[in-house]
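Following: one structure in structure tokens, then a few remarks.
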Protein chains: 2
Amino acid sequence: MGGPAAGKQNKRVTITDVARHAGVSVAAVSKVMRNAYGVSPAMQEKVRAAIAELDYRPHAAARGMRGRTYTIGVLLDNVRNAFFADILDGIQEELRHGEYTVLIGAAGFDPEEQAKTIRALVDRQMDGLILIAPGTSRAEVLATAAATPTVVIGHHDSADTHDSVVDADDTGAGLVVDHLVSLGHRDIALVSAPGTRANQWKRTPETVLTAGYRAAMERHGLSGHMSVHHAAYSDDGGFKAGMTLLTAEQPPTAIMTGADVAALGIYRAAHELGLRIPDDLSLVGYNNTALAALAPVQLTSVDQAGHTMGSSAARMLIERVEGRRDRAMQTSMTPRLVVRASTTALRTD
Amino acid sequence: MGGPAAGKQNKRVTITDVARHAGVSVAAVSKVMRNAYGVSPAMQEKVRAAIAELDYRPHAAARGMRGRTYTIGVLLDNVRNAFFADILDGIQEELRHGEYTVLIGAAGFDPEEQAKTIRALVDRQMDGLILIAPGTSRAEVLATAAATPTVVIGHHDSADTHDSVVDADDTGAGLVVDHLVSLGHRDIALVSAPGTRANQWKRTPETVLTAGYRAAMERHGLSGHMSVHHAAYSDDGGFKAGMTLLTAEQPPTAIMTGADVAALGIYRAAHELGLRIPDDLSLVGYNNTALAALAPVQLTSVDQAGHTMGSSAARMLIERVEGRRDRAMQTSMTPRLVVRASTTALRTD
DNA sequence: AGAATCGCGTATAACGTTCTCCACTACGAA
DNA sequence: TTCGTAGTGGAGAACGTTATACGCGATTCT
């Protein structure tokens, strides 16, 4: 007996089972679960005992129909970006000891794919969303934020519907330029991500980084030496940009990038052209990911405190979800330069 | 009018709205959504038009209560492991064009935390689960698999309740040993992850890898030269193991590891001790992640075809979810050695 | 011609929660 | 005594979907 073929579901323990087992009403159990008002200590104990005994866990989908799901959704384009891993760690750490679960949607770089993923998260009734540098149109994000508490990480554009966490990328670019200039470099090129893909974001990290670069170069009287190239933040993107820059008539003596991984692509290009780092070319990454610290790599980079950004974002989001704050806010972090072996004084030969 | 304070939910479009708008029953719309049997072309068209017009998207939580959620949950310990990123890419690619959404739970290394995450995924009514080298007890996984279709990636233990995708790690270890022996090495050490944490898995990737190493060493008559060290698969874990091995009385001339990132920790230790790679020490990683291919790294490694493992896992899972298969199956991939600049012939001085 | 079957559409009972009301008991104040 | 009111517990109506069961007209089979 007990249909063997059925295969699935040996019957979940439901709130009704708990109620029956404890000899109380379903409503009472629900109250205890949500520690709502109007429950006597005696009731508490009885119900908790029953819950423990039956190993009851609430059914999130059912919860999602009426109340909250206790789930936070995180959107990112690519798990491979180590900087995102830092952010995730921060988010997880902040939420680990609460009752929330973090679920990650890795959407890839295609804006349409990202939009689909955002919708998927919303459809699954996430209590709140953290969007890491979304490539979707701003309008789409604003629409989402109107219905679900949302924190945007990366884009400097602020809005009164969603919270933001950013890094002062302009300052970061300044740090790098200052460092390189102090080493005697003047021909300093910047490799950053391609500009906004017509998606209405005015102040993406790239844009702000580029602005910071320009400002710093001007400050040092090097306007004539500015050179900005665009490349995807990947090994391959960096490689191509590196090839172009380094085979130009007047190649730069130093290259700074918006991402460590792109810097390593440039490293490969330099290598292939017989140039040594740092003797023939100083190279600077961004984000100070684990990549940059590897023994054979030793890349000078800018630390963005991804961990802190993540935990701030999570904290801000929960405030909103739980209704403890109803006004949008922005948090900005200050970057720090980490000098390693990939930058050195300009040879004066 | 239109309460401004409320803040949230401007009312979702529901299946009822669609039904009313199309002038049909709710049941009909549901049928169209699930392309179930018993719908005329005319009905199809009418309903689809209404869906498009109202931009209707089904409410996943509500779906979860009766039927499926069209969501696949993936458990992994750490997003930072580039090999997992390969697997994820494979999963996503396989599922991208279907109707399923992939949600990732990053649980960390603590088995208890992982168990919590698995439960969270089950509570959220995932249609199927992909567990990447779970650290949870085998019993827990079997219990989960009994209720939800599950694919386990990594562990070689098979069961008739869940599917498995593995790499032939023993073969992989053999490839490395053969390669190193052919270069003249005899003192070849292995650095792999610490043994099973009393969680009932008998054939974890580490175990199988170690067995392969032992077999290969014996085959070459090098039983007396075997040396196995345990270390966490992280830069730091590798560093410590490297320090121990390389400062021993009779240091190995070649070290092979179970993960690229650990190899890079050993690289750092070697560097710190003034040893050059590959001249003073040949070093081999595992998984052939993007790390190994980086220009400054150039690590010899074993390619596991993570992408393919991911897509296989996804395909197998969907078969189960959709009931097209009711017997467990295992898939095993064959690894391939990728020789780079971190291994060279033993100096005979 | 009557019976059986098929094709298509609909009504409606779940599914497991949450949360608003309502009811009841005690007790203190008027 | 009567009336409030604070403190508890419970009834029951949602929530949006799926899927079973059924009805009904049209076709095919004896």
Side-chain angles (χ1 to χ4, degrees), chain A residues 6 8-9 11-48 50-51 54-71 99 122-125 127 147 322-323, chain B residues 8-9 11-48 50-51 54-71 99 122-125 127 147 321-323:
Chain A
K8 284 190 55 167
Q9 248 86 319
K11 216 47 150 272
R12 260 189 95 97
V13 177
T14 75
I15 199 172
T16 317
D17 299 328
V18 176
R20 185 167 34 234
H21 191 267
V24 301
S25 75
V26 168
V29 179
S30 177
K31 279 189 189 174
V32 172
M33 285 303 298
R34 298 172 286 128
N35 31 31
Y37 174 83
V39 180
S40 67
M43 172 67 87
Q44 277 272 352
E45 200 180 349
K46 240 192 317 186
V47 173
R48 292 216 181 285
I51 289 173
L54 300 182
D55 189 26
Y56 165 69
R57 301 197 319 259
H59 191 299
R63 283 188 141 177
M65 294 218 48
R66 304 279 296 118
R68 335 225 232 96
T69 55
Y70 297 93
T71 312
E99 47 212 335
V122 172
D123 292 347
R124 279 158 189 77
Q125 287 290 112
D127 291 343
E322 301 186 342
Chain B
K8 286 188 52 165
Q9 248 87 319
K11 218 44 149 277
R12 261 188 94 95
V13 176
T14 77
I15 199 172
T16 317
D17 299 329
V18 176
R20 184 168 32 234
H21 190 267
V24 302
S25 75
V26 170
V29 179
S30 176
K31 276 190 189 177
V32 172
M33 286 303 296
R34 299 171 286 129
N35 32 29
Y37 175 82
V39 179
S40 66
M43 173 67 88
Q44 277 273 350
E45 199 181 345
K46 241 193 315 187
V47 172
R48 292 218 182 283
I51 288 173
L54 299 181
D55 190 24
Y56 164 70
R57 300 196 320 257
H59 191 298
R63 285 188 137 176
M65 294 220 48
R66 303 274 305 131
R68 334 227 235 94
T69 56
Y70 298 91
T71 312
E99 48 213 335
V122 172
D123 293 347
R124 280 160 188 75
Q125 288 289 112
D127 291 343
V321 167
E322 299 185 344

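Sequence lines set the chain letters: A, B, ... in the order given, protein chains first and strands last, and positions in each chain run from 1.
- No donor-acceptor distance shorter than 3.5 angstrom exists from the side chain of A:Q125 to the backbone of B:A61, with no hydrogens or angles considered.
- Among the nucleotides D:dG7, D:dA19, C:dT18, the one closest to the side chain of A:I15 is C:dT18.
- Residue contacts for B:R34: at a heavy-atom cut-off of 4.0 Å it reaches a base atom on one of the strands shown.
- A sub-4.0 Å separation between OP1 or OP2 of D:dG10 and a side-chain N or O of A:S25 is present.
- Look at B:Y37 and you won't find any side-chain N or O under 4.0 angstrom from OP1 or OP2 of C:dC8.
- When rounded to the nearest whole Å, the span between NE2 of B:H59 and P of C:dT17 equals 16 Å.
- Contact check, A:R12 against C:dG16: no side-chain N or O comes under 4.0 Å of OP1 or OP2.
- Atom P of nucleotide C:dC8 and atom CG of B:N35 are separated by 15 Å, given to the nearest angstrom.
- Residues B:V18 and B:M33 fail the side-chain proximity criterion, which asks for heavy atoms closer than 4.5 Å.
- For B:A27, the listed nucleotide lying nearest its side chain is C:dT12; candidates were C:dT12, D:dT17, C:dT17.
- As a whole-Å value, the separation of A:R124 CZ from D:dG16 P is 17 Å.
- The nucleotide whose nearest atom lies closest to any side-chain atom of B:K31 is, among C:dT10, D:dG10, D:dG16, C:dT10.
- A donor-acceptor contact under 3.5 angstrom links the side-chain atoms of B:R66 to the base of D:dT18.
- A:D123 pairs in a side chain to side chain donor-acceptor pair (under 3.5 Å) with only one of the listed residues (B:H59, B:R63, B:R57), which is B:R57.
- A donor-acceptor contact shorter than 3.5 Å links the side chain of A:R34 to the backbone of A:S30.
- When rounded to the nearest whole Å, the span between CG of B:D127 and P of D:dT18 equals 12 Å.
- Following rounding to the nearest Å, A:M33 (CE) and C:dT17 (P) show an atom-to-atom distance of 8 Å.
- Between B:Y70 and D:dT18, a side-chain N or O to OP1/OP2 separation shorter than 4.0 Å is absent.
- Among the nucleotides D:dG16, D:dG9, C:dG7, the one closest to any side-chain atom of A:V39 is D:dG9.
- Taking atom OH of residue A:Y56 and atom P of nucleotide C:dG16, one finds them 10 Å apart after rounding to whole Å.
- Between the CD atom of A:Q125 and the C1' atom of C:dG16 there is a distance of 15 Å, rounded to whole Å.
- At a threshold of 4.0 angstrom between heavy atoms, the contacts of B:S30 include nucleobase atoms, whether or not backbone atoms are also involved.
- The shortest distance between side-chain heavy atoms of B:V32 and B:V29 does not fall below 4.5 Å.
- When distances are taken from the side chain of A:T14 to each of C:dG16, C:dC19, D:dT17, the shortest belongs to C:dG16.
- What separates CZ of B:R63 from C1' of C:dG16 is a distance of 18 Å, to the nearest Å.
- Distances were taken from every side-chain heavy atom of B:M43 (C-beta onward) to each of C:dG16, C:dT10, D:dT17; the shortest belongs to C:dT10.
- Nearer the 5' end of DNA chain C, as judged by each residue's closest nucleotide, is the contact made by B:V24, out of B:V24 and B:M65.
- Side-chain contact, A:R124 with B:T71: a donor N or O sits under 3.5 Å from an acceptor N or O.
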